[in-house]
K.L.:
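Let me begin by handing over the structure; questions about it come next.
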Amino acid sequence: MSGSLKVRVQRYRPEEDDAPWWQSFEVPWSEDTSVLDALNHIKDVEDGSLSYRWSCRMAICGSCGVMVNDEPRLGCKTFLRHYADADEIVLRPLENLAVERDLVSDIDPMLAHIETVQPWLQREQAEAPEAGETLQTPVQMARYESFSHCINCGLCYAACPQFGRNPDFLGPAALTLAQRYNLDSRDEGREARMPFLNGEDGVWACTFVGYCSDVCPKDVDPAAAINQGKVASNVNYAVNLFRLLRGGDDA
Amino acid sequence: MRKPLPPRQDALWWWRHPAYRRYMLREATALPLFLYALCLLYGVRELGRGETAFQAWLAFMESPPLIALQAVALLAVLWHAWTWFQLVPKILVIPTRHGTLPGHWLRLAHVVPAALCWLLLPLLAWWALGQFAGGGA
Amino acid sequence: MTRSLPRRSQEPVAWSLFGAGGMLLAFLGPALVLITLLVLPALLADDVAAGHAAVLAALRHPLGALLAFAGLSLTFFHTLHRLCHGLHDLHVPLSARLVGWVGYGTATLLSLLAGVWLLGL
Ligand code: SF4
Ligand code: FES
C-alpha cells in the first residue's frame, strides 16, 4: 500500500497574517505514514515555516492533536492509508481553542481547568515515607483506572460544543480527572473538588453530547466520567439541602 | 509576538458533524413529546367535562394533524428510548464482587423489559377497555 | 493557589426531574402513544359511553391518577429541560436564568393543572 495524497493545511503566521489561509501539498505515503509523518515531510521538504506540535510520536505525550477532516485526532496515531480513497486530507488546529500559529493551539484554558479540580492525591494528614504504602485492592483500582489514562491531549475539548459555547466550562478532561481522584480509595480531596463540580461551569454545563468519548485516543470515556460526576454532585446537593434544612451552613 | 486567533463557535455548529446532528435529533425529540403531553393534559380536562367533551377530544386526536403529531411522537419517543438506554451504562455503575456490571448487561436489563412494556401495555389496555366496554354494555 | 469557590448550581433539581421523566418516557412512552394512536379510537368507535366510563374509572383509581400525574408532570419537566438547553445550544440570545424561570415555571404550572384536573375527575 502506498501512493500520494493531497494534504491541505491551515496556515496562520501572527507576524504576517491577519486571517488564516490554506496551503496544499502533495505528500507521498506508505502503509505506516502518519499525519505527523506527513507534517514532518512537509516541513523538511516543502515549507520549513510550518509550525505544529509533537514529541513522542507514539500517542502518549498528547501534543500532536489536530483536526483531520473536521475530527479531532492525534497526528501520530492517524494514518494516511485510512484516507487513501479520499480526495484530500484537511488539517486544522484544534477546534474551540485559540490558534497561536499554523496548527499550534493555545491549550492554556484547558490546563487551567485541569488545575482547578486539583487532580492529585490529597491526604488530610501528611504521612511519613516510613509509614509505608497506602494499599489498594485491584477492585478499588478498577473503579478509576480507565479515567487515569488521560494524556491531556485536548481532543475532547475540541470535540465538546459546550466548551466551545462557554470556555469557562471545566470540560471533559478536567472533570474526568476530578472523578478519577474522587474515586480513588487513597484520596481524601473530594470535599475540596466538589464545589467546582457543583458549580454552573462544572458537571452541570455538560449536556451529554458524548462526542468527547468518541474522539478520545485513550478510551478514557470522559462523557461517562462527567455524568457519573453529575450523580455525585446530585448526592452532594441533596446532602447539603438536608444540612440546610437542619439549620446548618451552606457548603 | 503573540496574536492568537480567538475561537468562535457559530450558531450552526450542530449541523457541521454527524455526531452533533445525532445529538440535536435526540434533544429535538422533546418538542413533539412536549406537544403530545399537552394534548394528553387537555384530554384529562375534557374527560372530566363529560362524555360529549371527551368524544370531541377523541375526534380532535383523530384529526389528520394530530395523527401526524402522534406518529412523529412515536418515532421521537422510540429514538429517545434508544439513545437513553445507550447512555444508561455510562451513568449507572453497579459494583460487583469482581468490579462493575458490564455495560451491555445493563443495557439489556433496560431494553428487554422496556420492549415488553411497549408491546404488552397496549395489548393490556386493549383488553381492559374491551372488558369494561363489554361488561358495561 | 487560592481560588474563589463557584456558586452552587441548582441544576440537580432540574436534572433529577429530567432524568426521572426520561426513564419513564423510555419505558412507557411508546406504549402510551400506541394506545392513544390505535387502541382508544378503535375501541371508542362503537361505544363512547363505555369508553369514557372506562378511562374515567382508570384515572379515578388512586394508582391510575398517580401514574397519570407522574407521567404528565415528569414529561413536562423532561421535555422543557431539553428545550431550555436547546435554546442555549442554538445561540438564542436569551439569558439562561430567564429561560430557566420560564421553562421550569411552565412545567410547574402544567403539573399543577394536571394535578387539579386529575383530582377533579
Ligand atoms: S480525556 Fe481523552 S481526549 Fe480528553 S484530554 Fe484526556 S486523553 Fe485526550
Ligand atoms: S506526538 Fe506524542 S501523542 Fe502524538
K.L.:
Take atom CD of A:Glu133 as the centre, draw a 6.0 Å sphere, and report whether it contains more than 12 heavy atoms from other residues, nucleotides or ligands.
P.N.:
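Result for CD/A:Glu133: open.
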K.L.:
Using heavy-atom distances under 4.5 Å, tell me whether A:Ala232 contacts chain B through its side chain, its backbone, both, or neither.
P.N.:
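For A:Ala232, neither part sits under 4.5 Å from chain B.
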K.L.:
Is it the backbone or the side chain of B:His98 that comes under 4.5 Å from a heavy atom of chain A, or both, or neither?
P.N.:
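Just the backbone, heavy atoms under 4.5 Å.
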K.L.:
Heavy atoms, side chains only, cut-off 4.5 Å: are A:Glu71 and B:His17 in contact?
P.N.:
yes
K.L.:
Can you tell me which portion of A:Thr207 sits under 4.5 Å from chain B's heavy atoms? Options are side chain, backbone, both or neither.
P.N.:
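The answer is both parts of A:Thr207.
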K.L.:
So for B:Arg8, is it side chain, backbone, both, or neither that comes closer than 4.5 Å to the heavy atoms of chain A?
P.N.:
neither
K.L.:
For A:Gln10, does the CD atom have more than 12 heavy-atom neighbours from other residues, nucleotides or ligands under 6.0 Å away?
P.N.:
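Yes.
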K.L.:
Looking at A:Pro161, A:Ala142, A:Pro167, A:Gly164, which has the largest count of heavy-atom pairs under 4.5 Å with chain B?
P.N.:
A:Pro161
K.L.:
Assess whether atom CG of B:Asp10 is packed by more than 12 heavy atoms of other residues, nucleotides or ligands within 6.0 Å.
P.N.:
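Yes.
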K.L.:
I'd like to know if A:Asp18 and B:Lys3 make a salt bridge, using a cut-off of under 4.0 Å between side-chain N and carboxylate O.
P.N.:
yes
K.L.:
Ignoring hydrogens, what is the shortest heavy-atom contact between B:Pro4 and A:Ala98? Give both atom names and the distance.
P.N.:
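Result for this residue pair: CB-CB, 4.1 Å.
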K.L.:
Do B:Lys90 and A:Asp221 have side chains that approach each other closer than 4.5 Å (heavy atoms only, starting at C-beta)?
P.N.:
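In contact.
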K.L.:
Count the heavy atoms belonging to other residues, nucleotides or ligands that lie under 6.0 Å from CD of A:Glu191, then report whether that count exceeds 12.
P.N.:
no
K.L.:
If you count heavy-atom pairs under 4.5 Å between each of A:Val99, A:Asp70, A:Asn227 and chain B, which one has the most?
P.N.:
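When all of A:Val99, A:Asp70, A:Asn227 are compared, A:Val99 has the most.
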K.L.:
Specify whether B:Tyr20 and A:Tyr211 have parallel, tilted or perpendicular ring planes, treating 30° as the upper limit for parallel and 60° as the lower limit for perpendicular.
P.N.:
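Aromatic pair B:Tyr20/A:Tyr211 classed perpendicular.
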K.L.:
How close do B:Arg26 and A:Val209 get, counting heavy atoms only, and between which atoms?
P.N.:
NH2-N, 4.4 Å
K.L.:
CZ of A:Arg143: more than 12 outside heavy atoms within 6.0 angstrom?
P.N.:
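Open: at most 12 neighbouring heavy atoms sit under 6.0 Å from CZ of A:Arg143.
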K.L.:
Could you tell me whether B:Trp105 atom CH2 has more than 12 heavy atoms of other residues or ligands within 6.0 Å of it?
P.N.:
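12 or below, so no.
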K.L.:
Please determine whether the number of non-hydrogen atoms from other residues, nucleotides or ligands lying under 6.0 Å from atom CH2 of B:Trp82 exceeds 12.
P.N.:
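At most 12 heavy atoms, drawn from other residues, nucleotides or ligands, come within 6.0 Å of this atom.
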K.L.:
With a 4.5 angstrom heavy-atom cut-off, is it the side chain or the backbone of A:Val139 that approaches chain B, or both, or neither?
P.N.:
side chain
